[in-house]
Protein chains: 2
Amino acid sequence: MKDHYRAHKKVLLAVDCIIFGFDQDNLKILLIKRDFEPEKGKWSLMGGFLRPDETLDDAASRILQKLTGLHDIYLDQLRSFSQPERDPVDRTVSTAYYALINIEEHNEELTKKHSAEWFNVQDIPPLIFDHDEMIRQAIKRLRYKASVEPIGFELLPEKFTMRQLQKLYEAILGQKLDKRNFIKKILSQDVLIKLDEKDMTSSKKGSFLYKFDAEKYDRFKI
Amino acid sequence: MKDHYRAHKKVLLAVDCIIFGFDQDNLKILLIKRDFEPEKGKWSLMGGFLRPDETLDDAASRILQKLTGLHDIYLDQLRSFSQPERDPVDRTVSTAYYALINIEEHNEELTKKHSAEWFNVQDIPPLIFDHDEMIRQAIKRLRYKASVEPIGFELLPEKFTMRQLQKLYEAILGQKLDKRNFIKKILSQDVLIKLDEKDMTSSKKGSFLYKFDAEKYDRFKI
DNA sequence: AAATTTAAGTGTATTATTTACATTTAATTT
DNA sequence: AAATTAAATGTAAATAATACACTTAAATTT
């Protein structure tokens with residue numbers, strides 16, 4: 001190795017995942033009881049360390065898969081957190097990622113293992129290190145995204161009603177929305193396909209189901 | 001150190017700075033001729049390694065100050081880049097920051113040292129590693145910022161004309177803007193103070209100078 | 001002193017987007 | 001047949017974005 005490089009101290013690089021889910025009412029985050037020291041037994045984001053042969057994106061996918069068993073999850077890098085004393089054991093810089101997953105479809109795999117548990121975003125327990133700050137920033141980012149591009153494909157079942165989609169947006173943005181204006185706006189984005197099928201569980205009349213037009217949805221993404 | 005931690009490989013953590021400046025006509029980026037191996041002599045972003053006692057933000061400030069001599073520069077974290085082979089010498093993850101500085105006020109300090117040179121954003125030479133990708137993403141971020149909040153305080157002299165501000169926006173966004181609509185929009189944001197003073201260099205009539213209202217400008221920031 | 005030159009400064013009409021707001025409809029249950 | 005339930009729907013008003021061209025202030029030239 002070149003001398004110039006040798007002079008510098010290496011650090012541990014961690015990845016922490018803010019895993020968002022939606023349960024038809026509330027935006028939730030998956031937390032785990034940390035099973036090693038320090039702070040063993042406290043609530044924490046799911047995390048792990050970067051391996052020599054992978055990118056941070058790879059590491060986030062791997063860690064997410066370990067917890068959820070799921071491949072091909074939506075993941076986006078949030079930012080890196082680097083307070084020198086954030087982890088008291090050893091200098092560790094952590095890059096936070098956030099993920100969106102469908103709770104209903106994958107609930108069994110999730111909470112069995114790792115003593116994982118979903119918490120409403122308004123109701124997060126005390127967390128280790130700077131994980132609360134990571135969550136704060138992830139929510140801010142998710143809100144921003146919801147305001148500029150369609151979102152929800154990853155958080156909803158394949159077929160969903162307008163009401164469900166609106167509730168998801170309300171949960172993300174933390175505010176009530178007007179039904180007519182919401183529908184108008186969403187339909188103008190032209191990313192939904194209206195199905196010939198109704199969901200009959202919510203009312204006597206039933207409500208039409210929609211699905212995302214994957215191609216148009218992707219084209220919309222920034 | 002705890003066993004759990006010992007098992008993981010440490011990496012070098014670098015910081016690279018995309019330094020934006022504006023010369024009254026073009027958006028520019030400051031590059032340096034790299035003075036060590038590998039890739040010695042090639043153009044590169046200004047960078048350095050994280051020290052044990054500092055945050056990534058601190059490191060970016062320090063590195064920026066080394067090159068520019070300037071304190072209190074606007075700096076924002078872009079994201080971390082982690083391809084395993086991005087630096088051929090040793091595994092190095094780099095966190096990119098972008099900075100905005102006023103070229104005119106600081107040109108001497110800058111280009112003397114470190115064989116630094118300003119390049120138009122449309123005209124960046126081949127760079128080492130993944131620095132071109134970092135620049136691409138930084139420009140994208142800067143454009144986004146310019147579209148949602150006032151920008152330019154850091155890139156313009158203290159007093160400036162509407163024409164200069166418009167040219168800055170045009171350089172950032174890479175497109176011509178309508179003069180009347182631009183002024184209307186900027187004034188509606190209520191972050192400018194019109195001075196009783198004219199710049200007489202650009203025309204016979206002279207044009208009024210403005211400055212930013214620091215308090216209102218900051219309140220606008222996301 | 002009048003005419004010319006130069007860039008600064010200004011307004012309005014049109015279109016698109018966002019917001020506020022209430023009734024009707026389809027199907028089931030009683 | 002009447003009542004119930006949530007779904008579905010439209011319009012007017014306000015705000016924001018866009019397109020577009022002439023007048024003005026001061027210096028310079030004739």
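Per chain, numbering begins at 1; letters A, B, ... match sequence-line order.
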*Asks:* Quick one: does any side-chain atom of Y97(B) pair with a main-chain N or O of D57(B) as donor and acceptor, under 3.5 Å?
*Replies:* yes
*Asks:* Looking only at the side chains, is there a donor atom on one of D58(A) and T55(A) sitting less than 3.5 Å from an acceptor on the other?
*Replies:* yes
*Asks:* Ignoring hydrogens and geometry beyond distance, is a side-chain donor-acceptor pair present between T161(B) and D199(B) at under 3.5 Å?
*Replies:* no
*Asks:* When the distance from NZ of K184(B) to C1' of dT15(D) is rounded to whole Å, what number comes out?
*Replies:* 12 Å
*Asks:* Identify the heavy atoms of L78(A) and I18(A) that sit nearest to each other, and give their distance.
*Replies:* CD2-CD1, 4.2 Å
*Asks:* Taking atom P of dA12(D) as reference, at what distance in whole Å does atom CG of N181(A) sit?
*Replies:* 15 Å
*Asks:* Under 4.0 Å between a Lys/Arg side-chain N and an Asp/Glu carboxylate O for D76(A) and R141(A)?
*Replies:* yes
*Asks:* Do the side chain of N102(A) and the main chain of L156(A) share a donor and acceptor less than 3.5 angstrom apart?
*Replies:* yes
*Asks:* Mind listing the closest non-hydrogen atom pair of G21(B) and L155(B) along with its distance?
*Replies:* CA-CD2, 3.7 Å
*Asks:* Could you tell me if the side chain of L142(B) sits less than 4.5 Å from the side chain of I151(B), heavy atoms only?
*Replies:* yes
*Asks:* For I183(A) and dA7(D), give me the distance from atom CD1 to atom P, rounded to whole Å.
*Replies:* 9 Å
*Asks:* Picking from dT18(D), dA6(D), dA17(D), which would you name as closest to the side chain of K185(B)?
*Replies:* dA17(D)
*Asks:* In this structure, how many angstroms lie between the C1' atom of dA7(D) and the OH atom of Y210(A), rounded?
*Replies:* 10 Å
*Asks:* Is S203(B) near enough to dA27(D) that one of its side-chain N or O atoms lies under 4.0 angstrom from OP1 or OP2?
*Replies:* no
*Asks:* How sharply is the helix from dA1(C)-dT30(D) to dT30(C)-dA1(D) bent, taking the axes over five pairs at either end and rounding to 10 degrees?
*Replies:* 20°
*Asks:* Measure CG/D178(A) against C1'/dG10(D) and give the value in whole Å, please.
*Replies:* 12 Å
*Asks:* Which nucleotide of DNA chain C is the first, and which the last, in the 5' to 3' direction, to come under 4.0 Å of a heavy atom belonging to chain B?
*Replies:* dT5(C) to dT12(C)
*Asks:* In whole angstroms, how far is the C1' atom of dA6(D) from the CZ atom of F208(A)?
*Replies:* 14 Å
*Asks:* Show me the protein contacts with nucleotides 21-23 of chain D, counting only N or O atoms at under 3.5 Å.
*Replies:*
residue, atom, partner, partner atom, Å
dA21(D), N1, R180(B), NH1, 3.4

*Asks:* So, for F22(A) and F160(A), is the gap between ring centers shorter than 6.0 Å?
*Replies:* no
*Asks:* Which atom names give the shortest non-hydrogen contact between A96(A) and F81(A), and what distance separates them?
*Replies:* CB-CE1, 3.8 Å
*Asks:* Is it true that R136(B) and E133(B) make a salt bridge, defined as a side-chain N closer than 4.0 Å to a carboxylate O?
*Replies:* yes
